[in-house]
There are 2 protein chains.
Amino acid sequence: MTELIDLSEVAGQAGKFDCFLEQVRDRFGFDHVAYLGSNPVAGTMHGYVTYPEEWKRHYTHQAYHLIDPTLRIAQRSIAPIDWSRIEQSDNFRLVFCAAREFGISDRGVTIPVRGPFGDTGMLSVTRDTDEHEWRAMIAHSIGDLQSIAVHMHDAVMNSDAFSNVLRRTPLSSREIEILQWTAAGKTQQDIADILNISHRTVEVHLRSAREKLFSLTTAQAIARAIAQHLIYPI
Amino acid sequence: MTELIDLSEVAGQAGKFDCFLEQVRDRFGFDHVAYLGSNPVAGTMHGYVTYPEEWKRHYTHQAYHLIDPTLRIAQRSIAPIDWSRIEQSDNFRLVFCAAREFGISDRGVTIPVRGPFGDTGMLSVTRDTDEHEWRAMIAHSIGDLQSIAVHMHDAVMNSDAFSNVLRRTPLSSREIEILQWTAAGKTQQDIADILNISHRTVEVHLRSAREKLFSLTTAQAIARAIAQHLIYPI
DNA sequence: TCGCGAGTACGGGATTTCCCGAATATCGGC
DNA sequence: GCCGATATTCGGGAAATCCCGTACTCGCGA
């Protein structure tokens with residue numbers, strides 16, 4: 001499965017993300033703010049949290065990110081998830097009871113956000129308070145939190161992990177045209193008929209596209225062309 | 001290619017979405033509000049707009065949704081896109097000059113939102129005003145608009161029109177495994193060697209995956225599997 | 001318990017794709 | 001003008017894919 005990486009311990013500009021989360025926490029008056037982003041291409045997860053060091057270590061050591069119901073549900077949801085609406089499963093009790101021992105409340109919200117590559121981010125905020133004040137806090141800040149989640153995910157995904165994927169290969173218009181038709185399910189002969197050329201020529205353009213995309217097969221070229229937004233999968 | 005469907009002309013509860021957009025328009029003081037959602041499983045796009053009927057017809061008839069740079073860029077972005085930051089391409093001029101003739105300003109923002117199945121929604125707002133007032137409007141409402149975009153997309157995707165269609169295509173684990181290797185550039189014989197089975201069997205799984213994804217070729221199946229986040233481009 | 005559909009597995013042969021070759025056209029730079 | 005790089009065009013033959021068939025297993029509902 002995926003491996004949990006704490007980017008704050010990695011070299012570079014990572015510290016600014018932790019700092020950003022602390023600013024969000026202080027500005028909106030939460031106890032803690034946490035971001036967890038997953039990169040399915042690399043098979044990794046990147047986390048930044050304001051949680052105490054001990055809980056961070058315990059969470060990582062117990063691999064809670066594999067069973068945490070908060071993450072599981074947010075991964076399948078479009079809208080923000082209030083933790084009070086999560087089903088009281090065994091995993092729920094396991095994680096939240098452990099959290100309580102580290103002084104972390106079970107009152108919180110997790111906001112999912114997604115990018116175009118199946119990359120997912122989750123921004124969680126929590127505060128130990130009563131129902132009434134919690135509702136007021138969330139109602140007041142949910143819009144900003146939504147924007148913050150998007151901004152955070154955008155920044156993390158553009159920081160390093162995805163920059164190589166976003167590099168675009170210069171294909172000729174004919175190559176893109178033929179790749180697009182191929183992704184649409186047309187055979188080389190079909191495309192030849194559509195463009196009124198020989199199917200041999202279609203194959204040459206596909207070969208050229210394969211070479212430029214460093215692909216061994218046309219299927220791989222299609223995958224890479226989609227990843228680079230050179231063509232559209234539909 | 002994808003076909004643009006105006007759900008407000010379809011039977012059912014569709015009117016409530018149009019009504020909702022009108023409320024958003026009036027509450028925040030925009031000229032127009034538009035939502036466009038794409039369903040990669042069915043390969044369709046569904047739109048609700050407050051634009052005048054003539055522009056709607058013209059846009060649909062000219063199939064502008066296939067070239068509209070607003071949609072193209074929002075489709076690959078995580079964060080909201082201000083139209084002023086879009087590159088002045090031929091398609092840009094084509095669409096926006098046409099829009100101006102229907103009294104629609106080129107000052108606007110498009111907010112992308114995504115679901116877990118590769119479903120994408122875009123909420124656009126526009127208003128004919130000066131730079132200063134526009135910045136103030138957006139700064140004031142961007143958080144709420146973000147929440148509204150999520151809510152709108154969630155509602156549309158969970159409505160009757162989508163709930164039966166938008167379901168993760170049930171591929172077997174073997175099929176996904178083999179699709180993933182195929183997207184990684186392996187031939188059927190390569191995959192057979194990796195999995196210690198006959199290349200004939202690999203082909204059967206690929207054929208089965210093609211049928212489930214309604215694809216005529218393996219390349220098309222790869223494209224659709226990526227669009228639905230069933231596999232990842234490497 | 002008894003099909004029945006789905007998943008997994010394999011082979012023969014037709015179809016398609018892929019690798020080799022080659023030619024012409026276009027276009028920017030010396 | 002000339003020259004090299006790239007785009008576009010095409011064909012022969014090898015290689016891979018795709019369509020047809022079969023067979024076994026397993027879970028699930030009649």
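Quick note: numbers below take in every heavy atom, side chains included, and nothing from hydrogens, waters or symmetry partners. Source: prediction; values computed, not measured. In what follows, chains are A, B, ... by sequence order, proteins preceding strands, each numbered from 1.
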Quiz question: by atom type and distance under 3.5 Å, do the side chains of A:His46 and A:Tyr35 form a donor-acceptor pair? no
A:Thr217 and A:Arg210: side-chain donor and acceptor closer than 3.5 Å? no
Nt span of DNA chain C in reach of chain B heavy atoms at under 4.0 Å, 5' end first, is C:dG7 to C:dG13
Mind checking whether A:Tyr59 and A:Tyr64 have parallel, tilted or perpendicular rings, split at 30° and 60°? perpendicular
At what distance, to the nearest 0.5 angstrom, does CG of A:Leu71 lie from NE2 of A:His65? 9.0 Å
If I take atom NE2 from residue B:His205 and atom OG from residue B:Ser173, how far apart are they, to the nearest 0.5 angstrom? 9.0 Å
Take atom [atom1] of [X] and atom [atom2] of [N], then tell me their distance rounded to the nearest Å.
X: B:Leu206; N: D:dA16; atom1: CG; atom2: C1'; value: 12 Å
X: A:Gln188; N: D:dT17; atom1: CD; atom2: C1'; value: 11 Å
X: B:Lys186; N: D:dA16; atom1: NZ; atom2: C1'; value: 16 Å
X: A:Ile176; N: D:dA7; atom1: CD1; atom2: C1'; value: 13 Å
X: A:Leu179; N: D:dT8; atom1: CG; atom2: C1'; value: 15 Å
X: A:Asp193; N: D:dC10; atom1: CG; atom2: P; value: 12 Å
X: A:Glu177; N: D:dA7; atom1: CD; atom2: C1'; value: 13 Å
X: A:Leu171; N: D:dT8; atom1: CG; atom2: C1'; value: 15 Å

Can B:Arg207 and B:Glu203 be counted as an ion pair, charged N to O under 4.0 angstrom? yes
Ion pair B:Glu177/B:Arg174, N-O distance below 4.0 Å: yes
Check every strand shown and say whether B:Arg174 touches a base, only sugar-phosphate, or nothing at a heavy-atom separation below 4.0 Å. sugar-phosphate
Residue list, salt bridge (Lys or Arg N to Asp or Glu O under 4.0 Å) with A:Arg93, at least two apart or on another chain: A:Asp90
Under the salt bridge (Lys or Arg N to Asp or Glu O under 4.0 Å) rule, collect the residues that match up with B:Asp190, sequence neighbours excluded. none
Answer yes or no: is there a donor N or O on one side and an acceptor on the other, between the side chain of B:Gln220 and the main chain of B:Leu216, under 3.5 Å? yes
Does any N or O in the side chain of A:Arg224 come within less than 3.5 Å of the main-chain N or O of A:Phe214, such that one atom is a donor and the other an acceptor? yes
Heavy atoms from C-beta onward define the side chain here; which of D:dT8, D:dA16, D:dC10 lies closest to that of A:His205? D:dT8
For residues B:Ile81 and B:Thr70, determine if any side-chain heavy atom of one lies less than 4.5 Å from a side-chain heavy atom of the other. no
Helix axis bend for the helix from C:dT1-D:dA30 to C:dC30-D:dG1 - C1'-based end axes, five pairs, 10° rounding: 40°
Counting only side-chain N and O atoms of A:Thr201, is one of them less than 4.0 Å from OP1 or OP2 of D:dC10? yes
Does A:Ser172 put a side-chain nitrogen or oxygen below 4.0 Å from OP1 or OP2 of D:dT8? yes
How does protein reach along nucleotides 20-26 of chain D, written 5' to 3' as B (base within reach of a heavy atom under 4.0 Å), S (only sugar-phosphate), or - (no contact)? B------
Counting only heavy atoms and a strict 4.0 angstrom limit, can you tell me which residues of residues 211-218 of chain A come near DNA chain D? A:Lys212
Distance under 6.0 Å and angle within 45° of the ring axis: does A:Arg72 meet both against A:Phe92? no
Tell me whether the count of non-hydrogen atoms from other residues, nucleotides or ligands lying under 6.0 Å of CH2 in B:Trp181 goes above 12. no
Note: for A:Ser198 and A:Ser208 on DNA chain D, the residue whose nearest nucleotide lies more 5' is A:Ser208
